[in-house]
Amino acid sequence: MRTVYLRKRDYLCQSLKQIGYRFVPPKGAFYVYVQVPDSFHGTAMAYAEQLAQKALVAVIPGEAFEAGHSKYFRISYATSMANLRLAVQRLSAYVRNQPEEEVVKP
């Protein structure tokens, strides 16, 4: 199981990096702590809502784990590779297709 999770972790981290996200590499957890793009002028909760509505990807905003507003969200890799690939495709398309006036690209 360790090998399977390491493969998923590495895939997700490499993919997030290619999309342009900055993140805290996991050190044993089953999620990646990802920074909301600096160009996004809102909370992690607002960004998570956009991802859910526009990209159809569920993430957990940092506000669930820290007091006040956060600029981070968690994305889990404790799922199938098929689900991870789909999430990465959707995140990539979301970032790529944002109008410049929305300023949400990482």
Side-chain angles (χ1 to χ4, degrees):
M1 287 305 296
R2 180 184 165 150
T3 302
V4 170
Y5 280 109
L6 288 174
R7 193 174 314 129
K8 290 176 184 182
R9 179 203 65 193
D10 292 347
Y11 169 77
L12 183 58
C13 288
Q14 180 182 14
S15 298
L16 291 170
K17 185 182 262 186
Q18 287 175 341
I19 292 170
Y21 284 108
R22 289 178 286 186
F23 55 88
V24 178
K27 295 183 180 180
F30 297 110
Y31 61 85
V32 180
Y33 209 48
V34 184
Q35 184 177 345
V36 172
D38 291 335
S39 58
F40 183 76
H41 301 291
T43 65
M45 178 69 79
Y47 195 74
E49 288 173 359
Q50 276 201 10
L51 291 180
Q53 293 171 2
K54 295 183 178 182
L56 303 178
V57 174
V59 299
I60 305 297
E63 283 92 340
F65 308 101
E66 55 189 82
H69 296 296
S70 178
K71 290 300 275 182
Y72 288 87
F73 63 89
R74 288 183 181 185
I75 185 166
S76 175
Y77 56 90
T79 187
S80 69
M81 279 302 291
N83 284 342
L84 284 177
R85 285 188 190 99
L86 181 59
V88 165
Q89 289 171 354
R90 289 177 176 177
L91 286 171
S92 182
Y94 170 77
V95 168
R96 196 174 48 248
N97 295 320
Q98 287 305 296
E100 287 302 315
E101 62 271 11
E102 287 191 25
V103 211
V104 293
K105 291 184 180 181

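Leu56 and Met45 fall into different hydrophobic clusters, where Ile, Leu, Val, Met, Phe, Trp and Tyr side chains are chained together by heavy-atom contacts under 4.5 Å. A single hydrophobic cluster is seen to contain both Phe30 and Ile75, as judged by linkage of ILVMFWY side chains at heavy-atom distances under 4.5 Å, directly or through other members.
The minimum heavy-atom distance linking Thr43 with His69 is given by the pair CG2-ND1, 3.0 Å. Between Val88 and Ile19, the shortest heavy-atom contact is O-CD1, 3.9 Å. Of all heavy-atom pairs spanning Ala44 and Tyr72, the tightest one is CB-O, 3.0 Å. Scanning both residues, Ser70 and Tyr33, for their nearest heavy atoms gives OG-OH, 4.1 Å.
In terms of the side chain to side chain contact (heavy atoms under 4.5 Å, CB included) criterion, residue partners of Ala29 (sequence neighbours excluded) are, by chain and number, Tyr31. Checked against side chain to side chain contact (heavy atoms under 4.5 Å, CB included), Ala58 has no partners two or more places apart in sequence or in another chain. Every residue meeting the side chain to side chain contact (heavy atoms under 4.5 Å, CB included) condition with Ala48, not counting sequence neighbours, appears here in chain and number order: Val59, Pro61.
Using a 4.5 Å heavy-atom cutoff, the side chains of Leu51 and Phe73 are in contact. Within the 4.5 Å cutoff, side-chain heavy atoms of Arg22 are placed close to those of Asp38.
In this structure, the separation between CD on Gln35 and OH on Tyr47 is 10.5 Å, given to the nearest 0.5 Å.
Side-chain heavy-atom separations under 4.5 angstrom define the hydrophobic clusters, and the remaining members of the one that includes Ile60 are Phe65. In the hydrophobic clustering, where aliphatic and aromatic side chains (Ile, Leu, Val, Met, Phe, Trp, Tyr) are joined below 4.5 Å either directly or transitively, Leu86 stands alone.
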query: Under the side chain to side chain contact (heavy atoms under 4.5 Å, CB included) criterion, do Val32 and Tyr21 qualify, and how do the steps go?
result: CA-CA 11 Å; Val32 180; Tyr21 284 108; over 6 Å; no
If you look only at distance, which donor and acceptor atoms sit under 3.5 Å apart when one is on a side chain in residues 7-18 and the other is two or more places apart or in another chain?
residue	atom	partner	partner atom	Å
Lys8	NZ	Thr79	O	2.4
Ser15	OG	Tyr11	O	2.8

